[in-house]
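Counting starts at 1 for both ligands and their atoms, following the listed order. All residue numbers refer to positions in the sequence shown, counting from 1.
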Amino acid sequence: MSAAIVIVSFISEDKPLQKKVLVTGASRRVGLHLAKRLHQDGYSVLAHYRSETEGVQELKAMGVETIRANFDSRDSILEFVARLRKQYQDFRAIIHNASSFFPTDDDLAQAAEQYETFFYAHMMAPYLINQGLHDRLHGDNNDPADIIHITDINVENPTPRFDIYGTTKAGLHNMMLVLAKKYAPDIKVNAIAPGPVLFTESHSEEVRNNMMQETPLAREGGAEPVYLAVKSLLINPFLTGVSIPVDGGRRLSKR
Ligand SMILES: NC(=O)C1=CN([C@@H]2O[C@H](COP(=O)(O)OP(=O)(O)OC[C@H]3O[C@@H](n4cnc5c(N)ncnc54)[C@H](OP(=O)(O)O)[C@@H]3O)[C@@H](O)[C@H]2O)C=CC1
Ligand SMILES: Nc1nc2c(c(=O)[nH]1)N=C([C@H](O)[C@@H](O)CO)CN2
């Protein structure tokens, strides 16, 4: 056998392709951090994004596989699932991080449009991706695979100004509970409920200070605590139907 064929056969006989960890909304902030840290910890990450950001370029430069989709309609989500099934055989985990966030518009027609936006991103996309890929999810060493929903601590104590956002995040929380029952014992389904982890430019100094006064640990958490919670779920084979609040205790004191 020639040297070239030997080399090719050696490469092709290397360990089987690693199972993918799909992270949605990985173009910026928490999702980008999750994708980077999972890659650094040796997982084979498939980073989903909508906007081509600098973060996406960083992921590509790190050798992280990326896939683009906008979860803005039933058809776009179904097309994304079909593409995933065509291109990938095996997944280790799916992390639903993609999310929109803005207050409800006073105009009813605008609020209706917002409802669709939130519903597609927070409920239809996670459900269709889970249901469309659950047979491709496989754990390691006979342990269950993972689905993780990134929700919000406010699912049980919502903020009126963000009522549609909160309603659809509550739906994502309930979906975690039902799928934990539906997909057992092959798949664990859990949630991470962040609190004040990363402010946005829309948060004034006053709003930030008020939030910190309502937060027992009195700090903006950052993205790393969310990753540490993700990691703890991935390595624990006996957790399902659980929601981990990553909020510095804010849920205890928020009005
Ligand atoms: N930041 C915080 O303090 C808190 C965050 N959370 C939750 O944690 C998660 C991460 O938060 P954070 O990083 O701040 O989120 P961001 O709002 O900063 O980013 C959300 C990501 O989702 C993507 N996305 C939004 N809509 C769609 C869509 N229709 N199709 C595809 N992708 C979409 C965005 O893509 P694009 O780049 O195109 O905008 C972006 O990559 C979210 O689920 C959020 O709800 C909960 C409570 C507090
Ligand atoms: N998709 C997003 N969801 C949420 C965000 C965000 O920036 N994007 N931010 C919050 C909080 O207001 C946070 O910024 C402070 O607690 C909630 N959800």
Side-chain angles (χ1 to χ4, degrees), residues 22-36 47-59 66-77 79-80 95-103 113-126 128-129 148-159 161-173 176 191-204 207-215 217-227 229-230 243-251 253-254:
L22 172 65
V23 181
T24 69
S27 66
R28 65 183 81 237
R29 291 162 51 92
V30 171
L32 174 61
H33 187 77
L34 296 181
K36 286 180 175 177
H48 155 269
Y49 68 96
R50 175 178 62 176
S51 303
E52 187 80 43
T53 62
E54 277 182 27
V56 173
Q57 296 308 318
E58 287 167 26
L59 290 171
T66 61
I67 186 166
R68 188 191 174 283
N70 188 344
F71 304 145
D72 60 354
S73 72
R74 181 197 64 184
D75 292 344
S76 69
I77 298 166
E79 186 281 329
F80 178 65
I95 301 171
H96 294 290
N97 168 80
S99 165
S100 287
F101 177 64
F102 35 76
E113 276 201 31
Q114 288 180 328
Y115 209 112
E116 288 183 348
T117 299
F118 284 124
F119 182 76
Y120 287 130
H122 296 163
M123 293 191 68
M124 189 178 282
L128 293 181
I129 293 167
I148 299 174
H149 293 183
I150 310 291
T151 57
D152 187 306
I153 53 155
N154 294 333
V155 294
E156 285 165 12
N157 181 11
T159 306
R161 194 161 156 260
F162 293 84
D163 51 2
I164 306 178
Y165 162 85
T167 302
T168 53
K169 280 285 189 174
L172 185 59
H173 172 81
M176 173 275 292
I192 291 169
V197 295
L198 286 180
F199 290 119
T200 61
E201 298 82 61
S202 68
H203 289 100
S204 66
V207 165
R208 295 176 187 221
N209 291 336
N210 289 343
M211 277 192 190
M212 290 302 97
Q213 282 165 20
E214 287 182 348
T215 304
L217 297 185
R219 58 192 287 188
E220 181 186 14
E224 181 65 5
V226 180
Y227 174 67
V230 165
S243 175
I244 301 176
V246 179
D247 69 344
R250 176 165 162 76
R251 73 196 175 286
S253 53
K254 177 181 177 283

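The distance criterion of under 3.5 Å between nitrogen or oxygen atoms is not met by Asp72 with respect to ligand 1. Where the criterion is an N or O separation shorter than 3.5 Å, residue side chain and backbone included, Val30 meets it with respect to ligand 1. Residue Pro196 has no N or O atom closer than 3.5 Å to an N or O atom of ligand 1. Ligand 1 has no N or O atom lying under 3.5 Å from any N or O atom of Asp152, backbone or side chain.
Of all atoms in ligand 1, numbered sequentially from 1 with element shown, those under 4.0 Å from a heavy atom of Ser100 are 25 (C), 26 (N). For ligand 1, the atoms lying closer than 4.0 Å to a non-hydrogen atom of Tyr165 are 45 (O), 46 (C). Distances below 4.0 Å separate heavy atoms of His48 from the following atoms of ligand 1: 31 (C), 32 (N). Near Thr200, meaning under 4.0 Å from one of its heavy atoms, ligand 2 places the atoms 7 (O). The atoms of ligand 1 that sit less than 4.0 Å from any heavy atom of Ser27 are 35 (O), 36 (P), 37 (O), 40 (C), 41 (O).
Among protein heavy atoms, atom 30 (N) of ligand 1 sits closest to Phe71 N, 2.8 Å. Nearest non-hydrogen protein atom to atom 11 (C) of ligand 2 is Phe101 CZ, 4.0 Å. When only non-hydrogen protein atoms are considered, atom 2 (C) of ligand 1 lies nearest to Val197 CG2, 3.3 Å. Remark: minimum distance from atom 7 (O) of ligand 2 to any protein heavy atom is reached at Arg29 NH2, 2.9 Å. Taking atom 16 (O) of ligand 2 as the reference point, the nearest protein heavy-atom neighbour is Pro196 CA, 3.3 Å. Closest to atom 18 (O) of ligand 1, if we only count protein heavy atoms, is Arg29 NE, 2.7 Å. Ranking the protein heavy atoms by distance from atom 18 (N) of ligand 2 puts Tyr165 OH, 2.8 Å first. Among protein heavy atoms, atom 6 (N) of ligand 1 sits closest to Pro194 CG, 3.8 Å. Summary of contacts: the protein heavy atom closest to atom 1 (N) of ligand 2 is Ser99 OG, 2.8 Å. Closest to atom 1 (N) of ligand 1, if we only count protein heavy atoms, is Leu198 O, 3.0 Å. Among protein heavy atoms, the minimum distance from atom 38 (O) of ligand 1 is reached at Ser51 OG, 2.5 Å. Nearest protein heavy-atom contact of atom 8 (O) of ligand 1 is Ile150 CG2, 3.3 Å. Residue, atom and distance of the protein heavy atom nearest to atom 15 (C) of ligand 2 are Met211 SD, 3.7 Å.
The aromatic rings of Phe162 and Phe101 sit parallel to each other, their planes meeting at less than 30°, with 60° as the upper class boundary.
Every residue meeting the side-chain hydrogen bond (donor to acceptor under 3.5 Å, both in side chains) condition with Thr168, not counting sequence neighbours, appears here in chain and number order: His122. Remark: His48 pairs with no residue by the side-chain hydrogen bond (donor to acceptor under 3.5 Å, both in side chains) rule, at least two apart or across chains.
Nearest to atom 20 (C) of ligand 1 by heavy atom, out of Gly25, Ser99, Ala223, is Ser99. The residue from Asn70, Ile77, Thr151, Asn97 that puts a heavy atom closest to atom 7 (C) of ligand 1 is Thr151. Nearest-heavy-atom check against atom 39 (O) of ligand 1 across His149, Arg50, Arg250 picks out Arg50.
The closest approach between a heavy atom of Gly195 and any atom of ligand 1 is below 4.0 Å. Not a single heavy atom of His33 lies less than 4.0 angstrom from ligand 1. The shortest separation from a heavy atom of Ala69 to ligand 1 is under 4.0 Å, placing the residue in contact. For the pair His122 and ligand 1, no heavy-atom separation below 4.0 Å is found.
Judged by distance alone, the side chain of Ser27 and the main-chain N or O of Thr53 form no donor-acceptor pair under 3.5 Å. Of the possible donor and acceptor atoms, none in the side chain of Asp247 sits under 3.5 Å from a partner among the backbone N and O of Pro194. Put simply, the side chain of Glu220 gets close to the backbone of Phe199: a donor and an acceptor are under 3.5 Å apart.
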>> For Leu34 and Ile95: C-alpha separation, side-chain torsions, deciding distance, then whether side chain to side chain contact (heavy atoms under 4.5 Å, CB included) applies.
In response: CA-CA 9 Å; Leu34 296 181; Ile95 301 171; 4.2 Å; yes
>> Between Val56 and Arg68, does the side chain to side chain contact (heavy atoms under 4.5 Å, CB included) criterion hold? Intermediate values first, please.
In response: CA-CA 10 Å; Val56 173; Arg68 188 191 174 283; over 6 Å; no
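Proximity of Leu198 to ligand 2, defined as any heavy-atom pair under 4.0 Å, is confined to the backbone N, CA, C and O atoms. Residue-level proximity to ligand 2 for His203 is carried by the side chain, the only part with a heavy atom below 4.0 angstrom.
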